[in-house]
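Heads up: the structure comes next, in structure tokens.
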Number of protein chains: 2
Amino acid sequence: MKKSKKFVTIRDVAKAAGVSINTVSRALNNRPDINPQTKAKVLKVAKELGYIKDATALSLRYGLSRVVGVILEDSSNPFFSEVLKGIEVKAKENGFNVILMNTEKDYGLEEEAIRTMLSRRVDGIIISPTQEKTEDMKLLLESGTPFVVLGVHFNEENIPEVYSNDFQGAYAAVRHLLENGRRRIIYLSAYLYKSVAQMRLAGYKKALEDFGIPFDEKLVYEVEEGIEQSYQKVLEIVNSSKDFDAVFCFNDISAIGTVWALKESGRKVPDQISVVGYDDILFARFIEPPLTTVRIDKQQEGELAFELLLKIIKGEKLEKKKIVLDVNLIVRQSS
Amino acid sequence: MKKSKKFVTIRDVAKAAGVSINTVSRALNNRPDINPQTKAKVLKVAKELGYIKDATALSLRYGLSRVVGVILEDSSNPFFSEVLKGIEVKAKENGFNVILMNTEKDYGLEEEAIRTMLSRRVDGIIISPTQEKTEDMKLLLESGTPFVVLGVHFNEENIPEVYSNDFQGAYAAVRHLLENGRRRIIYLSAYLYKSVAQMRLAGYKKALEDFGIPFDEKLVYEVEEGIEQSYQKVLEIVNSSKDFDAVFCFNDISAIGTVWALKESGRKVPDQISVVGYDDILFARFIEPPLTTVRIDKQQEGELAFELLLKIIKGEKLEKKKIVLDVNLIVRQSS
DNA sequence: TTGTATGCGTTATCAT
DNA sequence: ATGATAACGCATACAA
């Protein structure tokens, strides 16, 4: 593999224009100390030759790349794809580019992604950690490279984070189910080593407590995320003739699998079983029945993450290191 | 904005290990001409100091960045988010990273994105052009930077492309509708300056022709892509009391809007009106009624695009410059 | 086996 | 107003 084509450099422009390379640099960068005519000529030549500034050279020169690294579980997941969109929008707005890496929820890939980003000398990193293990976060911390954790809450003061209020969301969702007379509410959870799953569990418990309903751990199921996995688990639950009248799902993807399984088992949603999702992905309202869910402004979450990161990169004083997004319960027809 | 922290360089390692910088380089790059003990020591020191190779310096040095630029209309669109996933997977597999830029279907942003990618000295570009204007493609072509066009077909021999067989897909979809007795089939199209929209129109016409049904241009509507836009347009069509018994939609997003509008107008799908989508996005089967659609293997499309690009980057001989993916009609309950 | 010097493209410092 | 030169981090040709 060798370079396909030589790019035009300031040296080429200098030669063609009959000036020195830093006269070219001056012209290109709108410096005041240059004769307007010289400048005009240089600019003309540069254009003719098709000169395009080499950003890799600038990165080396300044130790700044104007690139941010984005490390996500899976950019094709409708939740993350909207978050990513928000990041990309704000990055572009501020003259930054985005390098994307997916971890596929694999700790090894996550660590590799961090190393790659550091090697690329990105100016900052936005990461949504898998949380299966967290040693790699120390690597990040020690690297000195600015970073923001997205969608996850660590119990360490000095880690900048943007995440949504999952306690509030879960509380609202479960309270809503209770107010509608549901009493045996399953929590179909993601793996509980995830802070998000834990916070939602806490909200779930608090709502039960406020209604004087004892918490039954037998109603909490840990499932790997995915439509298929939720579908299988719910089928299993139904076949075990467990008594339940509602399912609070970890996210909308999971809720879709849940509704699918319930329908297939002949259970009416919401007549017999209520289902509530989480995230309010674009398609939540279009499934049948339209999904009651907890809305997170995903694009905003991405935008806030970038803006927080940018402040850190600029070395600005932060009012808050932890930004918590409010969420809203959206009641549709599945509950 | 200034560099937040100095990274450890080979010079630092050299000093700490008491050797010269290129002894360090030799150790780090597994060169044979180095004393194993020296090597071990250098490696140890490098690890202790937390040395991480500077990829920007390598880019400059070799004129190769091992980065590919990906330019899409909108990475949060479920079609593109899966394509992107495929690209990212193959890129990682081959030691490349991905810089992502969205164009929001804006020609200005598209051109800017190309310039940015060239400036970043990416080794190659995968682009899904808006096609509103195409001058920027010339810029790309002249730049000499390897690139692959994704999802779009130009009538120029020497442009490498990966796209799906839209003629075949549209033909299958419309033929299916005809076989089920539909005769007044609306084609809810994207803007017809897009090659995809044109190819699907051609497939639509051919199917009609094969059934001896005259083409009626009044049944073709150009709509901006989006659930809301399709919803509005279909409401409009219904209210104009146009006579039709099926809608062949440009994509699933559009089909979702169509079904929504039809339901809201009291039309039964598929009893009164059949609806067929395109793409088979993840959620197509979960809407009500489950959507009949033309399946594109989106992730594969992304993977093929990267693989084709990689061949071009490597300067390999190409068997084919144009790769056309087969598609399948998936019959569900909306038709 | 190890070290020295050069260049990749750019900007900044310091002349002139 | 303009030009020569060093420096960013690295790998390599060449010298020792």
Side-chain angles (χ1 to χ4, degrees), chain A residues 1-43 45-46 49-67 118-123, chain B residues 1-43 45-46 49-67 118-123:
Chain A
M1 209 174 337
K2 54 170 189 275
K3 24 193 321 182
S4 35
K5 196 197 169 189
K6 239 178 61 237
F7 279 87
V8 176
T9 73
I10 50 169
R11 235 173 294 270
D12 300 325
V13 177
K15 191 178 294 179
V19 296
S20 76
I21 57 164
N22 69 15
T23 297
V24 174
S25 180
R26 274 191 262 266
L28 257 25
N29 296 289
N30 278 313
R31 286 290 138 68
D33 51 349
I34 183 176
N35 184 313
Q37 293 166 25
T38 319
K39 179 172 173 178
K41 182 180 178 189
V42 169
L43 256 29
V45 173
L49 263 48
Y51 171 81
I52 297 178
K53 196 177 288 204
D54 185 332
T56 65
L58 289 182
S59 293
L60 185 58
R61 177 71 230 263
Y62 288 125
L64 286 175
S65 56
R66 293 197 85 80
V67 172
L118 294 177
S119 175
R120 291 266 175 221
R121 300 297 193 256
V122 296
D123 294 338
Chain B
M1 208 173 337
K2 53 171 188 274
K3 26 194 316 184
S4 38
K5 197 196 169 189
K6 241 177 58 237
F7 278 88
V8 176
T9 73
I10 49 170
R11 234 175 298 270
D12 300 325
V13 176
K15 191 180 293 179
V19 297
S20 77
I21 58 164
N22 72 9
T23 297
V24 175
S25 180
R26 273 192 262 266
L28 257 26
N29 295 291
N30 279 315
R31 286 290 135 71
D33 51 351
I34 182 175
N35 184 312
Q37 294 167 26
T38 320
K39 179 170 174 178
K41 182 181 179 188
V42 169
L43 256 28
V45 172
L49 264 46
Y51 172 81
I52 297 178
K53 199 176 286 207
D54 185 334
T56 66
L58 289 180
S59 294
L60 188 58
R61 175 73 228 266
Y62 286 122
L64 286 175
S65 57
R66 292 196 85 81
V67 172
L118 294 178
S119 176
R120 292 269 175 215
R121 299 298 192 253
V122 296
D123 294 338

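All chains are named by letter (A, B, ...) in the order of the sequence lines, taking the proteins before the strands, and each is independently numbered beginning at 1.
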A correct 5'-to-3' footprint of nucleotides 10-16 of chain C, with B, S and - meaning base, sugar-phosphate only and no protein heavy atom under 4.0 Å, is BBBB---
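- Base contact: Asp33(B) has a heavy atom under 4.0 Å from a base atom.
- Of the possible donor and acceptor atoms, none in the side chain of Asn29(B) sits under 3.5 Å from a partner among the backbone N and O of Arg31(B).
- Closest contact between the side chain of Val19(B) and the listed nucleotides dG3(C), dT1(C), dG9(C) involves dG3(C).
- Distance CG (Asn35(A)) to P (dG3(D)): 11 Å, rounded to an integer number of Å.
- Taking 4.0 angstrom as the limit, Ser59(A) places none of its side-chain polar atoms (N or O) nearer than this to OP1 or OP2 of dC8(D).
- The interatomic distance linking Ile34(A) (CD1) with dG3(D) (C1') rounds to 12 Å, in whole Å.
- The salt bridge (Lys or Arg N to Asp or Glu O under 4.0 Å) check on Arg61(B) picks up nothing, with sequence neighbours excluded.
- In this model, the phosphate group of dG3(C) is approached by a side-chain N or O of Thr23(B) to a distance below 4.0 Å at OP1 or OP2.
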What verdict does the side-chain contact (heavy atoms from CB on, under 4.5 Å) test give for Lys53(B) and Leu58(B), after you've listed the backbone C-alpha separation in whole Å, the side-chain angles of each residue and the deciding distance to 0.1 Å? CA-CA 9 Å; Lys53(B) 199 176 286 207; Leu58(B) 289 180; 3.6 Å; yes
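- Distance CD (Gln37(B)) to C1' (dT2(C)): 14 Å, rounded to an integer number of Å.
- With a 4.5 Å cut-off on side-chain heavy atoms, Arg26(A) and Thr38(A) do not count as touching.
- Taking atom NZ of Lys41(B) as the reference point, atom P of dT2(C) lies 11 Å away to the nearest angstrom.
- With rounding to the nearest 0.5 angstrom, the CZ atom of Arg121(B) is 14.0 Å from the OG1 atom of Thr56(B).
- For the pair Leu64(B) CG and dG7(C) P, the computed distance is 20 Å after rounding to whole Å.
- No side-chain heavy atom of Arg11(A) sits less than 4.5 Å from a side-chain heavy atom of Val24(A).
- One can place CG of Asp12(A) at 13 Å from C1' of dC8(C), the figure rounded to the nearest angstrom.
- Among the atoms of the strands shown, only primed sugar atoms or phosphate atoms (P, OP1, OP2) are found under 4.0 Å from some heavy atom of Thr38(A).
- Remark: Lys41(A) pairs with no residue by the side-chain hydrogen bond (donor to acceptor under 3.5 Å, both in side chains) rule, at least two apart or across chains.
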